[in-house]
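Only this structure's heavy atoms are used, side chains among them; waters, hydrogens and symmetry mates stay out. Because the structure is a prediction, the values reported are computed rather than measured.
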Amino acid sequence: NQLNANQNLACIGIKHFYPNGDLQSLGGGYVNNFIGWGKLEKNNLSNIITKKTGYVMGSFFFCKTSIVDQIGYFDERYFIYFEEADFCLRLKKAGFDIDCIQDGSVIHVGSATYNGMSKSFYQRYSKASTQYVLKWHGFLRACIAICLSIIISIFYESRRQYLYTITKFHLRGLSDD
């Protein structure tokens with residue numbers, strides 16, 4: 001109903017919960033363009049009906065068909081991760097709104113495709129984040145994002161063990177189409 005009620009609303013997401021009942025996200029988030037990482041919105045805003053967001057999570061993504069016909073499909077250069085952020089940025093640049101509605105929810109395991117924060121996850125995520133920053137902000141900004149991502153990764157134990165992988169796949173994101 002909300003998609004039909006608002007002509008300018010192109011895409012909506014809903015709240016995501018982990019299987020244990022903890023809130024994972026309000027259904028979307030924002031990309032930090034300095035380091036190229038996505039950040040899910042997690043503030044439980046039970047007193048509002050809709051919330052503007054930067055992108056809607058691809059795990060539960062509603063978009064008007066007429067808008068997809070106008071904007072185009074997901075960019076196939078993203079294998080997984082950032083395809084929805086890229087699509088939503090195209091929507092915003094075309095003047096459309098993106099919201100998360102709070103009267104629906106879904107259970108989402110989170111990172112189940114790659115069994116959590118594994119080497120495979122960091123390979124795909126690092127490459128996709130670099131492709132996103134490169135596409136929207138250019139080569140120099142992508143290089144800066146790679147450097148910042150590597151420096152920050154040194155301080156996170158969960159990321160540090162994959163530092164070589166993170167670096168290698170960020171660089172692949174610069175060169176692959």
Side-chain angles (χ1 to χ4, degrees), residues 1-6 9-33 35-65 67-68 73-92 97-133 149 152-166 169-170 173:
N1 285 340
Q2 291 191 19
L3 275 176
N4 294 331
N6 182 345
L9 181 59
C11 184
I12 60 172
I14 61 173
K15 288 187 283 192
H16 286 55
F17 289 94
Y18 289 109
N20 68 2
D22 290 345
L23 181 67
Q24 182 183 39
S25 164
L26 294 178
Y30 293 90
V31 175
N32 179 323
N33 292 314
I35 58 174
W37 294 354
K39 176 76 172 150
L40 296 175
E41 291 191 85
K42 296 181 182 181
N43 297 328
N44 195 355
L45 304 170
S46 57
N47 60 335
I48 64 167
I49 297 171
T50 64
K51 167 103 174 78
K52 300 279 182 231
T53 191
Y55 68 88
V56 169
M57 291 176 66
S59 53
F60 206 89
F61 189 100
F62 282 105
C63 190
K64 295 176 182 173
T65 304
I67 304 291
V68 175
Y73 297 106
F74 286 147
D75 186 333
E76 292 182 8
R77 291 176 288 184
Y78 301 98
F79 172 70
I80 188 170
Y81 304 116
F82 287 87
E83 68 276 15
E84 68 271 58
D86 176 81
F87 183 82
C88 287
L89 186 55
R90 291 187 350 232
L91 290 173
K92 284 186 167 207
D97 293 329
I98 298 141
D99 288 354
C100 292
I101 59 170
Q102 301 305 297
D103 58 355
S105 66
V106 65
I107 303 294
H108 182 246
V109 175
S111 299
T113 303
Y114 291 110
N115 196 24
M117 302 300 178
S118 64
K119 182 177 179 179
S120 297
F121 165 81
Y122 284 114
Q123 287 173 342
R124 298 293 183 196
Y125 192 87
S126 297
K127 182 178 177 182
S129 70
T130 300
Q131 289 172 315
Y132 178 88
V133 176
S149 177
I152 292 168
S153 295
I154 291 169
F155 296 101
Y156 286 94
E157 187 174 338
S158 63
R159 294 178 69 93
R160 192 178 320 131
Q161 64 181 323
Y162 300 115
L163 195 55
Y164 172 76
T165 298
I166 289 168
F169 279 82
H170 270 307

Could you grab the distance from atom OH of Y30 to atom NZ of K39, nearest 0.5 Å is fine?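 These two atoms lie 13.0 Å from each other.
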For the residue pair L91 and A10, what are the closest heavy atoms and their distance?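 Answer, listing the atom of L91 first, then A10: CD2-CB, 4.0 Å.
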Short side-chain donor-acceptor distance under 3.5 Å, H16 and S25: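 There is no such pair between these side chains.
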What is the minimum heavy-atom distance between F61 and C88, and which atoms define it?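 Minimum heavy-atom contact is CE1-SG, 3.9 Å.
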How far does CD1 of I166 sit from CD of Q161, to the nearest 0.5 angstrom?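 Output value for this atom pair is 9.0 Å.
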Any idea which heavy atoms bring L23 and Y18 closest together, and the distance?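 Looks like O-CE1, 4.1 Å.
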List the atom of G104, the atom of I14, and the distance in Å for their closest heavy-atom pair.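 Looks like O-CB, 3.6 Å.
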Verify the ring-centre separation between F121 and Y81: is it less than 6.0 angstrom?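 Yes; F121 has its ring centre under 6.0 Å from that of Y81.
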Is any side-chain heavy atom of F17 closer than 4.5 Å to a side-chain heavy atom of V106?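 Counting from C-beta outward, F17 and V106 never come under 4.5 Å.
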So, the side chain of S149 versus the backbone of I35: is there a donor-acceptor pair under 3.5 Å, distance only?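 Between the backbone of I35 and the side chain of S149 there is no qualifying donor-acceptor contact (under 3.5 Å).
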Do I12 and V56 come within less than 4.5 Å of each other through their side chains, counting heavy atoms only?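 A side-chain contact is absent here, since even the closest heavy-atom pair is not under 4.5 Å.
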Would you compute the distance between atom CD of E83 and atom CD of Q131 and round it to the nearest 0.5 angstrom?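 It comes to 10.5 Å.
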Can you tell if the side chain of L40 reaches within under 4.5 Å of the side chain of M57, non-hydrogen atoms only?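 L40 reaches M57 side chain to side chain.
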What do you reckon, are the aromatic ring centroids of F82 and Y125 less than 6.0 Å apart?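 They qualify: ring centres under 6.0 Å apart.
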Counting only N and O atoms by type, is there a donor-acceptor contact under 3.5 Å from the side chain of K64 to the main-chain atoms of L9?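 Indeed, once roles are kept as given, a pair shorter than 3.5 Å links the two residues.
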Minimum heavy-atom separation for T130 and G173, please, with both atom names.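 For T130 versus G173, the nearest heavy atoms are CG2-C, 3.8 Å.
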Heavy-atom side-chain proximity of H170 to S129 below 4.5 angstrom: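 A side-chain contact exists here, since the closest heavy-atom pair is under 4.5 Å.
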Roughly how far apart are K52 NZ and D99 CG, rounded to 0.5 Å?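 Reported value, rounded in 0.5 Å steps: 3.5 Å.
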Y156 atom OH, neighbour heavy-atom count above 12 within 6.0 Å: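 Counting other residues, nucleotides and ligands, OH of Y156 stays at 12 neighbours or fewer.
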How many angstroms lie between OG in S153 and CG in L163, if you round to the nearest 0.5 Å?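 If I round to the nearest 0.5 Å, the distance is 6.0 Å.
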Qualifying residue, where the test is ring pair (Phe, Tyr, Trp, His ring centres under 6.0 Å) with F87 and the options are Y73, Y78, F74, Y132: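 For F87, the ring pair (Phe, Tyr, Trp, His ring centres under 6.0 Å) check succeeds only for F74.
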Residues forming a ring-ring contact (aromatic ring centres under 6.0 Å, His included) with Y162, sequence neighbours excluded: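 For Y162, the residues satisfying ring-ring contact (aromatic ring centres under 6.0 Å, His included) (neighbours in sequence not counted) are Y122.
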Hey, does D75 have a side-chain heavy atom less than 4.5 Å from the side chain of R90?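 A side-chain contact exists here, since the closest heavy-atom pair is under 4.5 Å.
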How many angstroms lie between atom CD1 of I98 and atom NZ of K92, to the nearest 0.5 angstrom?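 Here the rounded value is 5.0 Å.
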